[in-house]
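Data block below; observations after.
In this chain, numbering begins with 1 at the start of the sequence shown. These numbers were taken from a predicted model, which means no experiment stands behind them.
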Amino acid sequence: SWTTMPRSVYATSRGSPQGRPWNADRYFSSLSPIDHSMNQNIRHVGIIAKPKLTTVATVVHQLADWCTARRIRVLLDKDTAALSGEAEGLERHDLVAASDLIVVLGGDGTLLSVARALDSHSVPILAVNLGSLGFLTEITLEEMFATLEGVLAGKATSQARMMIDIEVLRENGCFAE
C-alpha cells in the first residue's frame, strides 16, 4: 500500500488566484498510481537486502525457506548472497530480468536503488521496512509473510509508479544525477 495523494492542496499564486485552496482530485487523477491485480503465478523471487546490514541474514534465510516450501525459486543479488553466507549471487540487472517479484529488505534508500535497477523491466517490488521509519517501505517485517501469502493468493494489487531522471547542471557541466 502506498501513500495517497492529498485531497486538496494550497497552491501558490501561479496555480490558483490569491493562493486559494484548489481541489487536486482532477489534477492528480492523471498522476495517481493505477492499481493492477498482481500475477499470482510467481515462480522466481529476487531478494535484495540493504548492503552491509549484517542482521538481515536471518530474515533472508527465513524468506528463502518460506519461498522454497512453496516451490518458488529464490534469487539473491551478490551483496545479499554475501551477507547471508551464500556462495552465489546475481548481478542486480540479471536478478531483475529473471524475477517475477522482488522483495526488498531495508528502507526507502534500498527501495529507491532497486527501483533504479529495474530500468525498463516491469517487475513488482514488495518493500519490507527493516528500520524504524519508512515513507515508501510500509510493510513491516511482522507483516511480510502474510503480505506474501496475499500476493500468491492473488489478493494483492500493484501500483505503477513513474521514475523521474534528474540531472543537476552547473557551469562546469553535470554536477549530480
Side-chain angles (χ1 to χ4, degrees), residues 1-5 31-68 70 72-152 156-168 176-177:
S1 163
W2 294 87
T3 305
T4 58
M5 295 300 222
L31 301 177
S32 296
I34 300 169
D35 289 343
H36 300 281
S37 293
M38 286 198 58
N39 180 358
Q40 52 188 330
N41 191 18
I42 295 174
R43 295 188 177 146
H44 299 90
V45 170
I47 302 174
I48 301 176
K50 179 178 181 175
K52 300 176 185 162
L53 183 62
T54 55
T55 57
V56 80
T58 303
V59 177
V60 171
H61 287 290
Q62 291 171 345
L63 181 55
D65 290 345
W66 185 92
C67 290
T68 302
R70 285 153 183 82
I72 299 171
R73 184 169 179 232
V74 173
L75 308 169
L76 304 176
D77 76 327
K78 288 187 178 243
D79 291 335
T80 304
L83 282 172
S84 58
E86 297 295 324
E88 290 188 36
L90 299 172
E91 295 292 335
R92 278 198 179 174
H93 60 86
D94 294 330
L95 180 138
V96 165
S99 297
D100 300 313
L101 172 71
I102 297 176
V103 177
V104 176
L105 303 170
D108 291 350
T110 309
L111 171 61
L112 292 172
S113 73
V114 172
R116 279 190 296 274
L118 287 179
D119 194 29
S120 63
H121 297 281
S122 59
V123 181
I125 299 172
L126 180 73
V128 180
N129 185 11
L130 297 183
S132 59
L133 178 64
F135 293 101
L136 301 173
T137 52
E138 293 182 359
I139 297 168
T140 65
L141 187 56
E142 293 78 22
E143 299 168 329
M144 179 175 67
F145 293 113
T147 303
L148 284 167
E149 288 288 353
V151 169
L152 294 181
T157 59
S158 66
Q159 297 178 336
R161 294 292 176 158
M162 182 179 11
M163 176 70 80
I164 299 172
D165 191 16
I166 297 175
E167 292 180 337
V168 178
E177 289 185 42

_Nearest 0.5 Å, please: how far is CZ in Arg73 from OG in Ser99?_
9.0 Å
*Rounded to the nearest 0.5 Å, how far apart are CG of Leu95 and CD1 of Ile47?*
9.0 Å
_Donor-acceptor contact present, side-chain Asn129 to main-chain Thr140, <3.5 Å_ = no
*Donor-acceptor pair, Ser113 side chain versus Thr110 backbone, under 3.5 Å?*
yes
Which side-chain N or O atoms in residues 75-82 pair as donor and acceptor under 3.5 Å with protein atoms at least two apart or in another chain?
unit_1: Asp77; atom_1: OD1; unit_2: Thr80; atom_2: N; d: 3.0
unit_1: Asp77; atom_1: OD1; unit_2: Thr80; atom_2: OG1; d: 2.4
unit_1: Asp77; atom_1: OD2; unit_2: Arg92; atom_2: NE; d: 3.3
unit_1: Thr80; atom_1: OG1; unit_2: Ala49; atom_2: N; d: 2.8

Below 4.5 Å, heavy atoms only, C-beta onward: do [X] and [Y] meet side chain to side chain?
X: Lys50; Y: Leu130; value: no
X: Leu148; Y: Leu101; value: yes
X: Val103; Y: Val128; value: yes

*Apply salt bridge (charged side-chain N to carboxylate O under 4.0 Å, His left out) to Arg43 and list each qualifying residue two or more places apart in sequence or on a separate chain.*
none
*Start with the C-alpha distance between Asp100 and Asn41, add both sets of side-chain angles, then the distance that settles side chain to side chain contact (heavy atoms under 4.5 Å, CB included), and finish with yes or no.*
CA-CA 8 Å; Asp100 300 313; Asn41 191 18; over 6 Å; no
*asked:* Between Ile42 and Arg70, does the side chain to side chain contact (heavy atoms under 4.5 Å, CB included) criterion hold? Intermediate values first, please.
replied: CA-CA 10 Å; Ile42 295 174; Arg70 285 153 183 82; over 6 Å; no
Using atom types as modelled, flag every donor-acceptor pair under 3.5 Å from a side chain in residues 53-61 to any protein atom, sequence neighbours excluded.
unit_1: His61; atom_1: NE2; unit_2: Ser84; atom_2: O; d: 2.9

*Could you pull out the closest heavy-atom pair between Cys67 and Val74, with the gap in Å?*
CB-CG2, 3.5 Å
*Might you point out which heavy atoms bring Trp66 and Leu152 nearest each other, and give the distance in Å?*
CH2-CD1, 3.5 Å
